[in-house]
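First, the structure itself, so that you have it in front of you.
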Amino acid sequence: MSVRRGRAVLAAAVLPPVVAVALSLGGCGSGGSGSAEGGFKVGLLLSQNVQTRWERFDKPLIEKRVTELCARCTVEYANAEGDVATQKQQVETMINRDVEVLLLSAVNFRSLRSSVERAHDAGIPVIAYDGLVEGPVSAHVSFDNERVGRLQGEALLRALGNRADKADSGQVVMMNGPQTSPTNVAFKKGALSVLQGEVRIVKSYDTPGWSQETAHTNMDNALAALGTDSVDGVYAANDGLAAGVISALKNAGIDPLPPVTGQDADLAAVQRVVLGEQYMSVYKPFKAEADAAARIAVALGRGDDITDLTDTTVDTATTKHIPAVQLDPVPVTVADIRSTVVEDGVYTVDQICAPELAAACRRAGLTE
């Protein structure tokens, strides 16, 4: 075990109560940009590439920020593409490559426990990225995931309230993500906390692997069982599921489409919001999440205290009081596109407003 690893594990084990998120590098050590300290390897393991955010935003943002904070550091990257066995092997590979700290977005929060324990035993602190994972985790970076679900549920109720006061009598189909992680469970819990007692949830599906095709099939089945005129709104947990739902609704000839929620503010989803096919998405500022994860990774890699880099704690069945950063998600309807994803530089108006969206973009006030 390297000296740095030993210090990192010790720092994670003796953290005092957490305080506010630091706005500067703070506890990341005297090196600042990394010029005064030796570099090291940061392992980055992402769970899947079904959602475009992982490869398009999270990976390059984390890589860029790590090297800004530590000029001689490098990022070792792999994507499990939704397969637990692949991710377990990737953890072993990262251990063998002598990474000093591991950023892990787990495919399954229970199934990766033994891998987290292996990393911990090798003196490598593990940061649970975007979702929790069981085992001796040193830190967690994500969003307030119950709030994500609440924002989706609240938006759906508003949309139903604009459709002949369906908010107190509407029939809603829920298209949840796979219930294989606390993150996905939190989305569903947050949505239910808003929707239960306000609408009738007539069908509810948990979708393995966030599969758009499965969401399409499930929506087809719901329409066959309920009738094409009996669905007033759809809670879709993310934009991929929303795409599957909307394609099924359109194939069934439903016009106008009922309001459909989403999450992640994928470009295609933002375009559907402009067109009026998807009512809303939830934007999770990826840059802020990547920045927080990179700061903590560099600090732990240097063996520094991360107290000033976290703002709360979270628990799992195996580990209590995990230092954590929980960021605020932002709802995006057609009225919010410019002030969110455009203002933050996620997309340009030109990227959103493809030629076939010209009229819709003018109506949305994105172009003249």
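Numbering of residues begins at 1 and proceeds along the displayed sequence.
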Legend entry - Side-chain touch L267/R56, heavy atoms, less than 4.5 angstrom: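 Of all side-chain heavy-atom pairs linking R56 with L267, at least one is under 4.5 Å.
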
Legend entry - I62-I306 co-clustered via ILVMFWY side chain contacts under 4.5 Å: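 They do share one cluster, since a chain of ILVMFWY contacts under 4.5 Å joins I62 to I306.
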
Legend entry - L192 and M174, any side-chain heavy atoms less than 4.5 Å apart: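 Touching, per the 4.5 Å side-chain cut-off.
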
Inset, instruction - Mark yes or no for whether N238, through its side chain, and G262, through its backbone, hold a donor-acceptor pair below 3.5 Å. - result: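 A pair under 3.5 Å: no.
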
Inset, instruction - Would you mind checking if D98 and K41 are paired as a salt bridge, meaning a charged N to carboxylate O distance below 4.0 Å? - result: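 No, K41 and D98 are not salt-bridged.
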
Inset, instruction - Say whether D350 and T348, considering side chains only, have a donor N or O and an acceptor N or O under 3.5 Å apart. - result: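 Judged by distance alone, the side chains do not pair up.
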
Legend entry - Distance, nearest 0.5 Å, that separates CD of E277 from CD of Q271: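 Reported to 0.5 Å precision, the distance equals 10.0 Å.
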
Inset, instruction - Please check if the side chain of E55 supplies one atom and the backbone of N49 the other of a donor-acceptor pair under 3.5 Å. - result: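 No, because the side chain of E55 does not come within donor-acceptor range (under 3.5 Å) of the backbone of N49.
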
Legend entry - M94 and E76: CA distance, side-chain angles, deciding distance, side-chain contact (heavy atoms from CB on, under 4.5 Å) verdict: CA-CA 8 Å; M94 291 293 176; E76 300 278 329; 3.7 Å; yes

Inset, instruction - Salt-bridge test for D255 and K250: reply yes if a basic N is under 4.0 Å from a carboxylate O, no otherwise. - result: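 Salt bridge between D255 and K250, a charged N being under 4.0 Å from a carboxylate O: no.
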
Inset, instruction - Could you tell me the separation between the CD atom of E100 and the SG atom of C70, rounded to the nearest 0.5 Å? - result: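 SG of C70 is found 10.5 Å from CD of E100.
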
Inset, instruction - Establish, for the pair K59 and Y77, whether the NZ or CZ atom is under 6.0 angstrom from the six-membered ring centre and no further than 45 degrees off its axis. - result: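 Positive - K59 is close enough to the ring of Y77 and near enough to its axis.
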
Legend entry - V126 to A119 - nearest heavy-atom pair and separation: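 Minimum heavy-atom contact is CG2-CB, 3.7 Å.
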
Legend entry - Cluster link V334 to V346, ILVMFWY, side chain under 4.5 Å: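 Shared cluster, yes.
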
Inset, instruction - Specify the closest pair of heavy atoms between D315 and H321, including all atoms of both residues, with the distance to one decimal. - result: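 What the structure gives for the nearest pair is OD1-N, 2.6 Å.
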
Inset, instruction - Grab the two heavy atoms, one from G131 and one from T183, that are nearest each other, plus how far apart they are. - result: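 The answer is CA-OG1, 3.0 Å.
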
Inset, instruction - Determine yes or no for a side-chain-to-main-chain donor-acceptor pair under 3.5 angstrom, with S111 supplying the side chain and V107 the backbone. - result: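 Side chain of S111 to backbone of V107: no pair is present.
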
Inset, instruction - Check L327, V330, V148, D328 against K284 for a side chain to side chain contact (heavy atoms under 4.5 Å, CB included) and give me the one that passes. - result: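 Only one option passes, and that is V148.
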
Legend entry - Heavy-atom pair of closest approach, residues A317 and E134: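 Looking at all heavy atoms of both residues, the shortest contact is CB-OE2, 3.7 Å.
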
Legend entry - Charged N-O contact under 4.0 Å between K64 and E68: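 E68 and K64: salt-bridged.
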
Legend entry - Min side-chain heavy-atom separation I246-R272 under 4.5 Å: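 Side chain of I246 against side chain of R272, heavy atoms only: contact under 4.5 Å found.
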
Inset, instruction - Measure the spacing between OG of S230 and CZ of R200 and express it to the nearest 0.5 Å. - result: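 Answer rounded to 0.5 Å: 9.0 Å.
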
Legend entry - Step-by-step side-chain contact (heavy atoms from CB on, under 4.5 Å) determination, L366 to R338: CA-CA 7 Å; L366 291 172; R338 185 178 289 278; 4.1 Å; yes

Inset, instruction - Check whether any side-chain heavy atom of V202 sits under 4.5 Å from a side-chain heavy atom of V172, and report yes or no. - result: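 They are not in side-chain contact.
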
Inset, instruction - Answer yes or no: is there a side-chain heavy-atom contact under 4.5 Å between E146 and F187? - result: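 No - every pair of side-chain heavy atoms lies 4.5 Å or more apart.
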
Inset, instruction - Answer whether the closest heavy-atom distance between the side chains of D264 and V282 falls below 4.5 Å. - result: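 They are not in side-chain contact.
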
Inset, instruction - Give, for atom CZ of R118 and atom CG of L102, the distance between the pair rounded to the nearest 0.5 Å. - result: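 Nearest 0.5 Å value for the CZ-CG distance: 12.0 Å.
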
Inset, instruction - Using the side-chain contact (heavy atoms from CB on, under 4.5 Å) rule, take L46 and L104 through it: C-alpha gap first, then chi angles, then the decisive distance, then the call. - result: CA-CA 6 Å; L46 298 182; L104 174 65; over 6 Å; no

Inset, instruction - Verify, without hydrogens or angle tests, whether T217 (side chain) and E213 (backbone) share a donor-acceptor contact under 3.5 angstrom. - result: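 At least one qualifying donor-acceptor pair exists.
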
Legend entry - Sidechain-backbone polar pair: T318 side chain, G135 backbone, donor-acceptor under 3.5 Å: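 Judged by distance alone, yes, a pair lies under 3.5 Å.
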
Legend entry - Between CG on residue D58 and CG on residue N79, distance to nearest 0.5 Å: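 So the gap between those two atoms works out to 10.5 Å.
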
Legend entry - Side-chain donor/acceptor of D239 to backbone N/O of D266, under 3.5 Å: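 Pair found, side chain donor or acceptor close to backbone of D266.
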
Legend entry - Side chain to side chain, V273 and Y279, heavy atoms closer than 4.5 Å: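 Heavy-atom side-chain distance check fails, nothing below 4.5 Å.
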
Inset, instruction - Start with the C-alpha gap between E117 and R113, add the side-chain angles, then the distance that decides, and say whether salt bridge (Lys or Arg N to Asp or Glu O under 4.0 Å) holds. - result: CA-CA 6 Å; E117 290 170 344; R113 175 178 173 178; 3.2 Å; yes

Legend entry - Polar side-chain atom of S142 near backbone of D130 as donor-acceptor pair, under 3.5 Å: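 Looks like yes, one N/O pair under 3.5 Å.
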
Legend entry - Any donor-acceptor pair under 3.5 Å from Y283 side chain to V341 backbone: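 It does not hold such a pair.
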
Inset, instruction - Go through the steps for M219 and V173 under the test side-chain contact (heavy atoms from CB on, under 4.5 Å), then give the verdict. - result: CA-CA 8 Å; M219 196 68 224; V173 172; 4.1 Å; yes

Legend entry - Q87 side-chain N/O to S105 backbone N/O, donor-acceptor pair under 3.5 Å: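 Confirmed, Q87 side chain pairs with S105 backbone.
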
Legend entry - D291: partners by side-chain hydrogen bond (donor to acceptor under 3.5 Å, both in side chains), with sequence neighbours left out: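 Counting only residues at least two positions away or on another chain, D291 forms a side-chain hydrogen bond (donor to acceptor under 3.5 Å, both in side chains) with R65, R295.
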
Inset, instruction - List the atom of I127, the atom of H140, and the distance in Å for their closest heavy-atom pair. - result: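 Closest approach of I127 to H140, heavy atoms only: CG2-N, 4.5 Å.
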
Inset, instruction - Describe, in one word, how the ring planes of Y347 and F57 are oriented to each other, choosing from parallel (under 30°), tilted (30 to 60°) and perpendicular (over 60°). - result: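 Perpendicular: the ring planes of Y347 and F57 meet at over 60°.
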
Inset, instruction - Using the rule that two of Ile, Leu, Val, Met, Phe, Trp, Tyr join whenever any of their side-chain heavy atoms come within less than 4.5 Å, decide whether L61 and L309 are in one cluster. - result: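 Result: no, two separate clusters.
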
Legend entry - Where M280 and P331 come nearest, the two heavy atoms and their spacing: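 For M280 versus P331, the nearest heavy atoms are CE-CB, 4.1 Å.
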
Inset, instruction - Would you please say whether a donor-acceptor pair under 3.5 Å links the side chains of N176 and Y235? - result: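 Not at all, the side chains of N176 and Y235 share no donor-acceptor pair under 3.5 Å.
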
Inset, instruction - Indicate if W54 and F109 have the same hydrophobic cluster label, given that clusters are the connected sets of ILVMFWY residues with side-chain heavy-atom separations under 4.5 angstrom. - result: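 No, it is not one cluster - the side chains of W54 and F109 are not joined through contacts under 4.5 Å.
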
Legend entry - Check: H216 main-chain N/O paired with N218 side-chain donor or acceptor under 3.5 Å: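 Side chain of N218 to backbone of H216, a donor-acceptor pair under 3.5 Å: no, none is there.
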
Legend entry - Linked, directly or transitively: V332 and I352 (ILVMFWY side chains, under 4.5 Å):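 Linked, V332 and I352 end up in one cluster.
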
Legend entry - CZ-OG distance between R110 and S181, expressed to the nearest 0.5 angstrom: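 Here the rounded value is 10.0 Å.
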
Inset, instruction - Could you tell me whether the side chain of F40 reaches within less than 4.5 Å of the side chain of V99, counting heavy atoms only? - result: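 V99 does not reach F40 side chain to side chain.
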
